[in-house]
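Presented below is the structure to which this report refers.
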Amino acid sequence: MALQSGADQPGADESRADEASPDVVLEARGITKRFPGVLANDTVDFALRRGQVHCLLGENGAGKSTLMNVVFGLYQPDAGELLVRGEPVRFRSSADAIAAGIGMVHQHFQLVPVMAVWENVVLGDELTRGPLLDRGAARARIAELSERYSLAIDPDAVVGELSVGAQQRVELLKALFRDADILILDEPTAVLTPQEVDGFFEIVRSLLDRGISVVFITHKLREVLAVADEVTVLRGGKAVGRADPRTATQGSLATLMVGRDVSFEVDKAPAEPGAVVLRVVDLTVADDRGVPTVSGLELQVRAGEIFGVAGVEGNGQRELVEAITGIRPSVSGSVAIGGTDVTGWNPRRIADLGVGHVPEDRSKDGLVGPFSLADNLVLNRYHRAEFSRRFVVRRDAVRRNAERLVADFDVRTTGVDVPAGTLSGGNQQKLVIARELSADLSLLIVAQPTRGLDVGSIEFIHRQIVARRDEGVAVLLVSAELDEVLSLADRVGVLYRGRFAEVLDREEATRRRCGMLMGGADQHAEEVA
Amino acid sequence: MLLAMVDLPAQDKPTRPPRTPRRGFTRLSRLQTIGVAYLLLGVTLVVQVAGALDPAQVVFLFGLGDGVPQVGVQPAAFTLGTGLLFVLAGVVALGERWTGRYAGVALLVATVLFVPLVLVTSLALSAAGTMNVVPLMGESLRVGTPVALGALAGLYAERSGVVNIGIEGMMLAGAGVGFVVYAVLGAAGGWPLYVSVVVAVAVGGLMAALHALLSVTFRTDQIVSGVAINLLAIGLTSFLRREVLLPLGIGGGSTLPTIEIPLLADLPLVGRSLFVGKPIYFTMFLIFALTQVVLFRSAWGLRVRSVGENPHAAETLGIDVVKTRYQAVIVGGLLAGLAGAWFTLETVGTFDNLITNGKGFIALAALIFGKWRPWSAFGGAVLFGFAEALGRRIQLLDVSVGGFPVPSQFLQVLPFVVTIVVLAGAIGRAIPPASVGVPFERSR
Ligand SMILES: Nc1ncnc2c1ncn2[C@@H]1O[C@H](COP(=O)(O)OP(=O)(O)O)[C@@H](O)[C@H]1O
Ligand SMILES: [Mg+2]
């Protein structure tokens, strides 16, 4: 196996870095970057060769984005140096990095949604005729680039009205417009369907053909093996090793990334479904703009099964969950829980029926950051006799409850009185899980339960969800990670444009089939073809 | 299940997205609510008012001089007709589900008719029987000038992402300091007058720079910073007045000269009312045209708009967000200073405490009314100018109903309360720049 562990042999890396090999176009030496309380990058070395795809692999929070933001001039490193084409450089802002031929597509798109594509693209590097913007020249240039790389982008479209995939191509255009020959792509595939990912890799290959070198950030092993020429693995801010993708396996990469052996399988016995607990009939829900994003949706979840909702984000997942939990009023249709019609009920009445809800945005909707752990753990039940005597909260009961849950759910904290907002993402999520899963449940709704978490927390949370299922709770799992849905669910519904394109038993739900459905492919068309 | 929803399109006809859904009770849409108001008003006009009006004609003149066009209106007939139209518009709006786009159009037409209606009824109820329309328009524009300039001051700042409720203070400081300098230089017209205008403009810019320092550099709450600017201006100008102006004993001075725009001033009917005026008044039009071009056609304008929408995106493209916000806020401040000069150096010729009289806040309203677009904000400013000009006239008319005088403030406030309500309903929600009010922190 071609794994060399850089962390174990720092000397070897040093000597290599000093050679300044001629085809290294971008090099970072000993980059250290500290944020208050976090060492995000710890003497990281990294080198990108001309015309290659260099994958930066690491778990969420490993420091990948930080390293590349340093390279792009957005962050100033606390130590270390950068070399572009062998020359030492110091970037004061991203303007300097752009001038050096570096382009970056950020993990969170950096677009102005109300403006046209051409305005977004020329911003900061405007083509002008006299004192005014030269719109015609900009459009011609964009159309030409769009043609050359098959991006299919209309320069006059308003960015906010484009699909996520198209927005990403606009980001690419921004870099190409500036003649970037070093391109950094920060988790570009996170927002794409499996089929779109294939299309995206096509684009990456055409970039390479034109002599552009690419840094490709991801935490998905499959993609590393598909596109990388070279791999650097980050863990906890350190470059812990390099790997040769021709000989590496998913298992070996995962071990390097996580630091120990990991299993991709979730241990679970076959489901034993009971009575229908959640019944959704002909449900239509509108989003904040009044546009119906769930339309005519039908859904049944039985006791003792996990129903997984797969689909690209923005196909109605959020609205569906909010309508079932009573947070968002529905337009038409009905929701029944345990045989009771709860349509139009408020969230507390629904929760009191034994419905647990782990929202997709834990820090915004799941917790009150400045409140203590103990208070956060009774947010949904402080009013019950257990915790309050008339109008007075029973602090001792709240505290005992918190101490018990923190221990049971392995929340790593210095005490139950610290503000919840100070915990790391994984521990915040465990806190929400602890509160919602410790109630007396008949229905559990979990949205994106492991987004942004480390592997250890993911395993723990998955086990908790399966345990609840085995106790006979009906579970509705919504996740943008197809792998997560496939490893947990007993049945899978693929949500596309507000309704289920198909509901599949776990055996029928292959990656390929789900991927097609997520992209809106017509099932019959596939069979004919 | 009990479902009674009026504005739900049938399932098979998804032409329009459903409006804010609410279950359990009937809910009128915004347009329908306004439609009901017009319906009731129309019925009142037809049943109650039309018959009670003096049948004598009221006359509207268009232009100055002899032989200008004039329109005679029979108040009773006009009120009856308008009332019927209001009823019709109300019905069309109520039936929004079937009439679709016409609902909005009908309300807009009704709203446009509202102004002549107020004019006709107040003329009919008063002793006077004639009113000249063109000077009324001219005066609307003139009175609207500081509001319009103030709205632009807000436009530049807010498009760049900085809330500016300090427009009033920037104006007041410009008006006060500008006039004090003029008084010190003798207050006798000539070059000192122009120097003072420049000083007023610069003082507006300085106040804006202070606002930028507080809210962009120190990331103070932008509202608090704006309030601070306003308070500072009040203190500063009343201090200067007491300590400098009053001891000088200069009560007033000559103001900027009236100029005529060649050719245009000789246009029949409207020429003398619209194209004879003072420099800041004319400059205001120029600045609007310029702003439209600068904001939407120049590279700098693109940058200003981008830092107001998504400063982080701008930063990743190498744009200096802090610098751009400073520039935009200061450019706005210069315009607010010019608006200040309009009060003391172009119009009144003296300085009193609080001479700007809340126009800076009205400018902010015009800006929001105009949805952060230059020409719409201009429309808002002129609307407020019109309301004020109309109010001044109606005040002189002694309108009375059955022997009781109607307070002029009542009639004067009516048109624009209604216009705002209806335009807000028919045009829809104003969406501010996405990052306005959000302090920007540089990545490090
Ligand atoms: N601007 C910032 N301020 C403070 N901490 C940050 C900032 N950006 C990242 N971090 C922290 O640095 C660490 C690495 O983050 P990041 O580089 O985004 O990881 P990755 O991209 O690998 O998921 C995390 O612990 C994160 O919380
Ligand atoms: Mg990242």
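- Residue A:R328: no heavy atom, backbone or side chain, is found under 4.5 Å from chain B.
- Contact annotation: the side chain of B:H312 never approaches that of A:H106 to less than 4.5 Å [non-hydrogen atoms, C-beta and beyond].
- Per-residue counts of heavy-atom pairs under 4.5 Å with chain B were compared for A:N69, A:L133, A:L127, A:V70; the largest is that of A:L133.
- Annotation: A:R34, atom CZ; neighbour count of heavy atoms from other residues, nucleotides and ligands within 6.0 Å does not exceed 12.
- Listed options A:G124, A:P113, A:P131 were ranked by heavy-atom pairs under 4.5 angstrom with chain B; first place goes to A:G124.
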| message | B:E315 vs A:L74, test: side chain to side chain contact (heavy atoms under 4.5 Å, CB included). Steps then yes/no. | response | CA-CA 8 Å; B:E315 187 192 25; A:L74 276 174; 3.8 Å; yes

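- Closest approach of B:R303 to A:D125, counting heavy atoms only: NH2-N, 4.3 Å.
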| task | Please test A:E119 against B:S306 for side chain to side chain contact (heavy atoms under 4.5 Å, CB included), starting from the C-alpha separation and ending with a verdict. | result | CA-CA 9 Å; A:E119 289 177 301; B:S306 75; over 6 Å; no

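- For A:N120, the part lying near chain B is the backbone, with the side chain staying farther off; criterion is any non-hydrogen pair under 4.5 Å.
- Residue-environment remark: CZ (B:F296) exceeds the threshold of 12 foreign heavy atoms within 6.0 Å.
- Contact of B:R442 with chain A is made through the side chain alone, with heavy-atom distances under 4.5 Å.
- When the shell of 6.0 Å around CZ of B:R325 is examined, it contains more than 12 heavy atoms from other residues, nucleotides or ligands.
- What you find for B:L302 and A:V122 is that their closest heavy atoms are CD2-CG2, 3.7 Å.
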| query | Step by step, would you call A:Q110 with B:L317 a side chain to side chain contact (heavy atoms under 4.5 Å, CB included)? | reply | CA-CA 9 Å; A:Q110 300 294 345; B:L317 294 172; over 6 Å; no

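- Heavy-atom pairs under 4.5 Å with chain B were tallied for A:V112, A:V114, A:D96, A:L132; the largest tally goes to A:L132.
- The two atoms that bring A:S94 and B:G318 nearest to each other are OG-N, 3.4 Å, heavy atoms only.
- Side-chain atoms of A:T128 do not come within 3.5 Å of backbone N or O of B:S298 as any donor-acceptor pair.
- Atom-to-atom distance recorded for B:E309:CD and A:M115:CE is 6.0 Å, nearest 0.5 angstrom.
- Shown here is A:R497, whose CZ atom has no more than 12 heavy atoms of other residues, nucleotides or ligands within 6.0 Å.
- Side-chain N or O atoms of B:N310 include one that pairs as donor or acceptor with a backbone N or O of A:L111 at under 3.5 Å.
- Shown here is A:R279, whose CZ atom has no more than 12 heavy atoms of other residues, nucleotides or ligands within 6.0 Å.
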